[in-house]
There are 2 protein chains.
Amino acid sequence: MPTKPLPIAPHDDVRQRLMQEAITLFVEHGYAATSVRQIVAAAGVTKPVMYYYFGNKEGLYLEIINGISQQFDQLIAGMYATSGSVRQRITDLFTGILDSVQDNRAVVKLVYAIYFGPPQGAPFVDFNRFFDVILGTVNDLLTEGISGGEIIPCNRDALCWSLVGSHQIVLEEQICRTTPRISREGIIQIVNQILDGVAPRTNNSTFEGVDR
Amino acid sequence: MPTKPLPIAPHDDVRQRLMQEAITLFVEHGYAATSVRQIVAAAGVTKPVMYYYFGNKEGLYLEIINGISQQFDQLIAGMYATSGSVRQRITDLFTGILDSVQDNRAVVKLVYAIYFGPPQGAPFVDFNRFFDVILGTVNDLLTEGISGGEIIPCNRDALCWSLVGSHQIVLEEQICRTTPRISREGIIQIVNQILDGVAPRTNNSTFEGVDR
DNA sequence: GTCTATATTGAGATAGAC
DNA sequence: GTCTATCTCAATATAGAC
């Protein structure tokens with residue numbers, strides 16, 4: 001006996017389509033310069049549909065932000081499983097984030113635009129958290145590396161900022177340039193070169209480990 | 001015998017006031033979300049005054065961008081005079097830019113918003129040049145440092161990106177946080193620590209020069 | 001849920017007096 | 001050069017039929 005189609009999530013695709021097109025347009029023209037007219041046209045529906053699902057333009061925007069926030073938390077949550085040397089775990093963290101950034105360029109561009117840009121009339125969103133999580137994680141790993149002898153006693157703060165800064169600039173290359181001048185292999189080499197500089201020295205060796 | 005007041009630059013202050021208030025508002029709300037109504041109100045004049053001086057909103061925006069571009073060129077031009085070790089010259093370059101950024105926070109915030117953000121209906125402006133000048137300068141200095149023996153043969157690209165990335169993240173702290181967690185002393189320490197890692201080694205020394 | 005049609009507001013920009 | 005008053009258009013948002 002055939003059952004009726006379940007009434008749950010009746011037209012979830014329309015919601016998704018609206019959000020997807022809105023992301024594209026917000027990235028391209030910004031929140032204020034994107035009209036709901038453009039959004040609904042891109043999604044192939046009419047204005048009242050948008051207002052039906054999201055209440056208003058702000059509601060649509062906030063739903064998008066929520067989704068991004070959850071995506072980020074899931075990404076980071078899936079990274080605490082790594083084990084191995086501190087150097088390896090930092091490299092894994094950085095390349096993991098980089099891979100995710102390359103797979104979600106549009107969303108990441110939106111995040112950067114919101115982080116560095118003005119509110120544009122849109123509700124304020126604090127993305128500092130994203131950055132602070134990375135900063136805190138690297139700081140913890142370095143502390144562990146120093147106490148464990150993998151890294152010599154040095155200026156840990158400077159080390160932390162230089163690593164995170166190098167990582168950030170690689171991410172920024174991915175989203176600001178059509179052909180990034182540095183990416184996955186580059187950040188690995190940077191991490192190695194910086195950490196080689198603060199690695200314990202063997203007695204009579206020439207400098208080893210550069211450009212591994 | 002009293003002479004008439006000179007007719008040159010009759011009301012240049014009005015122009016300047018409009019541009020200054022526009023910068024503040026563009027930083028605060030973005031180009032699209034700032035109305036000329038708000039701008040002229042902040043400057044204490046009426047709309048036709050703005051249209052008289054700048055033609056339209058875009059014209060005002062472009063004048064601001066032009067001014068910023070010239071400021072940057074002057075800043076960089078005043079930096080090629082430095083001499084000394086490569087390490088010193090990189091430090092001078094970074095701290096010089098940092099000082100200027102701290103003195104012009106509003107303008108720099110605008111630059112970052114334009115660089116990372118969407119056009120918002122404003123004419124496109126390419127600020128990649130700013131960044132590329134810094135990148136090129138550091139790269140040249142490192143090349144000189146390696147050939148001169150101040151820096152050991154190593155991965156120069158990785159070194160360049162790590163230095164510039166570290167510098168960038170310090171700048172970003174200045175404009176994104178009310179109380180930056182790292183600034184002038186921090187970037188000096190970072191440069192020293194990174195360059196210590198690729199400095200020629202004395203024979204039987206313990207590791208020297210960290211955290212100087 | 002989705003549409004057509006419309007209400008309402010505020011935007012950029014200008015005419016014309018002084 | 002600067003004002004008041006006004007034009008024109010596009011934006012957000014909603015009413016009400018289906």
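Since this is a predicted model, take the numbers as computed values, not measurements. Basis for what follows: all heavy atoms, side chains included, without hydrogens, waters or symmetry-related copies. Reminder, nothing fancy here: chain letters follow the sequence lines and each chain counts from 1.
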Rounding to a whole Å, what distance do you find between [X]:[atom1] and [N]:[atom2]?
X	N	atom1	atom2	value
B:Y52	D:dT4	OH	C1'	18 Å
B:Y61	C:dA13	OH	P	15 Å
A:R15	C:dT2	CZ	C1'	16 Å
B:R37	D:dT6	CZ	C1'	13 Å
B:F54	C:dA13	CZ	C1'	16 Å

(message) If the test is ring pair (Phe, Tyr, Trp, His ring centres under 6.0 Å), which one of B:F131, B:W161, B:F94 qualifies with B:H167?
(response) B:F94

(message) What verdict does the salt bridge (charged side-chain N to carboxylate O under 4.0 Å, His left out) test give for B:D140 and B:R89, after you've listed the backbone C-alpha separation in whole Å, the side-chain angles of each residue and the deciding distance to 0.1 Å?
(response) CA-CA 11 Å; B:D140 291 347; B:R89 283 149 77 190; over 6 Å; no

(request) Return yes if a side-chain donor-acceptor contact under 3.5 Å exists between B:D92 and B:Q88, otherwise no. (result) yes

(request) Take B:Q193 and A:N155 through the test side-chain hydrogen bond (donor to acceptor under 3.5 Å, both in side chains) and record every step on the way to the result. (result) CA-CA 8 Å; B:Q193 182 155 278; A:N155 189 329; 5.3 Å; no

(request) Tell me whether the OP1 or OP2 atom of C:dT2 has a side-chain N or O from A:Y53 closer than 4.0 Å. (result)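 True: A:Y53 side-chain N/O within range (under 4.0 Å) of C:dT2 OP1/OP2.
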
(message) Treating primed atoms plus P, OP1 and OP2 as sugar-phosphate and everything else as base, which nucleotides of nucleotides 13-18 of chain D get B, S or - for protein heavy atoms under 4.0 Å?
(response) BBB---

(message) Among A:R105, A:Q102, A:K109, which residue satisfies the side chain to side chain donor-acceptor pair (under 3.5 Å) criterion with A:Q174?
(response) A:Q102

(request) Apply salt bridge (charged side-chain N to carboxylate O under 4.0 Å, His left out) to A:R184 and list each qualifying residue two or more places apart in sequence or on a separate chain. (result)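 Per chain and number, A:R184 pairs via salt bridge (charged side-chain N to carboxylate O under 4.0 Å, His left out) with A:D99.
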
(message) Can you confirm whether or not the ring centre of A:Y115 sits under 6.0 Å from the ring centre of A:F127?
(response)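 No, ring centres 6.0 Å or more apart.
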
(request) Could you list by number each residue of residues 39-46 of chain A showing a heavy-atom separation from DNA chain C of less than 4.0 Å, or answer none if no residue does? (result) A:V45, A:T46

(request) Could you tell me how the ring of B:F26 sits relative to the ring of B:Y31: parallel (under 30°), tilted (30 to 60°) or perpendicular (over 60°)? (result)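 Aromatic pair B:F26/B:Y31 classed tilted.
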
